[in-house]
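What follows is a short report on a single structure.
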2 protein chains.
Amino acid sequence: MSTSDRLIESTRELLWERGYVGTSPKAIQQRADAGQGSMYHHFGGKQDLALAAIERTAQEMRATAAKSFDGGGSAYARIEAYLRRERDVLRGCPIGRLTMDPDVIASDALRAPVDDTIDWLREQLAGIAEEGKEQGEFAPSLDAEEIAATIVATVQGGYVLARASGSPAAFDAGVRGLLSLLAPAA
Amino acid sequence: MSTSDRLIESTRELLWERGYVGTSPKAIQQRADAGQGSMYHHFGGKQDLALAAIERTAQEMRATAAKSFDGGGSAYARIEAYLRRERDVLRGCPIGRLTMDPDVIASDALRAPVDDTIDWLREQLAGIAEEGKEQGEFAPSLDAEEIAATIVATVQGGYVLARASGSPAAFDAGVRGLLSLLAPAA
DNA sequence: GTCTATAAACGGATAGAC
DNA sequence: GTCTATCCGTTTATAGAC
């Protein structure tokens, strides 16, 4: 792995663990085993490096989510696959957590990939929910976009519950609750 | 307002806006219009002051939530009142956001009031959901604790969606989606 | 109770040598 | 490309005067 790659990976980890405000260039360099000069040679500064890291994480998240969606089966089955996919629950969502970071929200450049990713996720789920309505799995009275927002929110909020309690159990409970509400009246 | 009170209020605001990691004693003092010596006279340090601030915010949050729950009406109506209550959506949840703060999660003392508050919220909602089942509003197959977790998660995650997009619309969509799933088949 | 002084480490870079 | 030196402000206090 190149120095540049190591710096990006090190930044990705630190952003996930400590957020943008809690991450210093020094900590990034140490974890990447790179010197000061090295970092400033490859990147313009903390923000520039963070942007590269966030974009890579966003890309990875889309790829992972897409796998759940492409699994086939009913709309309910695909939503269930997404909700139940393996997660490192206590670490939280590497993209979602950035929304609580004041410096990320204050910067259009840093917020853009976060916004795009979450938006993409909602669109994917809205498409699936719409199919579910067409197939008669979900009531016609439901709004696919709203259901998609509820699904994404349940996941993001599930991380909050889990981290508050220090256990993944609350995340799982929230997911099961949502699935029971979505379940086609078989 | 006493100096001590101003320090706590100033800390509450900063914790809400910037989190624990992003808040410095200096910023607290300036906003409270208090000197260095003043702050260290009244409090043991940053963590001690943060604890006082978090406890006050937690207390306030319980009181606000309790109002929605005590409004009377059906279980669905009380849940709806809670979900639709006025919120400063783009500011996020002053308690929930702390779960993304590494130093808060690392400290049992700081995490305790956060955990307690979210736990209390889940219990309240679980009680209401249970009543709803007894009254035939909700299907007997639903698990009240799971539904409660889903409700709290939708709210917490709604803040994430809203802050990502820079608009409260996504929060509202998530709430409407959840309400449509909960709606008694009238 | 509040003020000012002091301090060692960190934050986020820039400059120039190699 | 990487290294070391330097820089100015901030962080999180402690000490002691008033």
Side-chain angles (χ1 to χ4, degrees), chain A residues 1-56 97-98 100-111, chain B residues 1-56 97-98 100-111:
Chain A
M1 200 159 44
S2 71
T3 301
S4 168
D5 266 330
R6 286 203 320 279
L7 283 164
I8 292 180
E9 289 304 311
S10 147
T11 305
R12 296 214 301 148
E13 291 172 17
L14 282 162
L15 286 181
W16 196 353
E17 289 168 24
R18 307 193 41 85
Y20 183 84
V21 164
T23 297
S24 71
K26 187 179 200 174
I28 292 170
Q29 293 152 24
Q30 286 175 340
R31 192 175 291 219
D33 199 24
Q36 198 96 309
S38 227
M39 180 186 134
Y40 285 101
H41 169 75
H42 292 288
F43 299 95
K46 176 180 171 178
Q47 173 157 345
D48 186 35
L49 181 44
L51 183 56
I54 293 171
E55 280 172 344
R56 188 177 287 187
R97 75 146 295 147
L98 297 173
M100 294 304 143
D101 214 304
D103 292 6
V104 170
I105 293 304
S107 154
D108 283 342
L110 292 180
R111 190 171 60 80
Chain B
M1 200 157 46
S2 71
T3 299
S4 168
D5 266 330
R6 287 204 318 280
L7 282 164
I8 292 180
E9 289 305 310
S10 147
T11 305
R12 297 213 301 147
E13 292 172 16
L14 282 162
L15 285 181
W16 197 352
E17 290 167 23
R18 308 193 39 85
Y20 183 84
V21 165
T23 296
S24 71
K26 187 179 200 175
I28 292 170
Q29 293 152 25
Q30 287 176 340
R31 192 175 292 217
D33 199 23
Q36 198 94 313
S38 226
M39 179 187 135
Y40 284 101
H41 170 74
H42 291 289
F43 299 95
K46 177 180 171 177
Q47 172 157 345
D48 185 36
L49 181 42
L51 183 56
I54 292 172
E55 280 172 343
R56 189 178 285 186
R97 75 147 295 148
L98 297 172
M100 294 304 143
D101 214 305
D103 291 7
V104 170
I105 293 304
S107 154
D108 283 342
L110 293 180
R111 190 172 59 81

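A note on names: the letters A, B, ... follow the listed sequences, proteins ahead of strands, and every chain is numbered from 1. No hydrogens, no waters, no symmetry mates; every other heavy atom, side chains included, goes into these values.
- The distance between atom CD of Gln30(B) and atom P of dT12(D), rounded to the nearest whole Å, is 13 Å.
- Under 4.0 angstrom from either OP1 or OP2 of dG1(D) there lies no side-chain N or O belonging to Thr3(A).
- Rounding to whole angstrom units, NZ of residue Lys26(B) and P of dG9(D) are separated by 10 Å.
- In this structure, Arg56(A) pairs ionically with Glu9(A), as a charged nitrogen and a carboxylate oxygen lie closer than 4.0 Å.
- Distance NE2 (His42(B)) to P (dA13(D)): 17 Å, rounded to an integer number of Å.
- For the pair Gln36(B) CD and dA17(D) P, the interatomic distance rounds to 18 Å; values are reported in whole Å.
- Side-chain atoms of Lys46(A) lie closest to dA13(C) of the nucleotides dT2(C), dA13(C), dA13(D).
- Counting heavy atoms from C-beta on, the side chains of Ser4(A) and Leu7(A) never come closer than 4.5 Å.
- Whole-Å rounding puts the Gln29(A) CD to dG1(D) P distance at 18 Å.
- Here His41(A) does not reach the OP1 or OP2 of dC3(D): none of its side-chain N or O atoms lies under 4.0 Å away.
- Distances from the side chain of Tyr40(A) to the nucleotides dG12(C), dG1(D), dA5(C) place dG12(C) closest.
- One interatomic measurement links the two molecules: CD1 of Ile28(A) to P of dC10(C), which rounds to 16 Å at whole-angstrom precision.
- Note on Glu17(B) versus Arg97(B): no salt bridge recorded, every NZ/NE/NH1/NH2 to OD/OE distance being 4.0 Å or above.
- Gly37(B) comes within 4.0 angstrom of a base, heavy atoms only.
- Counting only heavy atoms from C-beta on, Ser24(A) has its side chain closest to dG12(C) among dG1(D), dG12(C), dT2(C).
- Checked for salt-bridge contact, Asp103(B) and Arg18(A) meet the test: a charged N lies under 4.0 Å from a carboxylate O.
- Using a 4.0 Å heavy-atom criterion, one finds that Ser4(B) contacts no nucleic acid atom at all.
- You'll find the side chain of Phe43(B) stays beyond 4.5 Å of the side chain of Leu51(B), heavy atoms only.
- The distance from atom CZ of Phe43(B) to atom C1' of dT2(C) is 15 Å, rounded to the nearest whole Å.
- Taking atom CG on Asp48(B) and atom P on dT14(D), their separation rounds to 12 Å, with Å as the unit.
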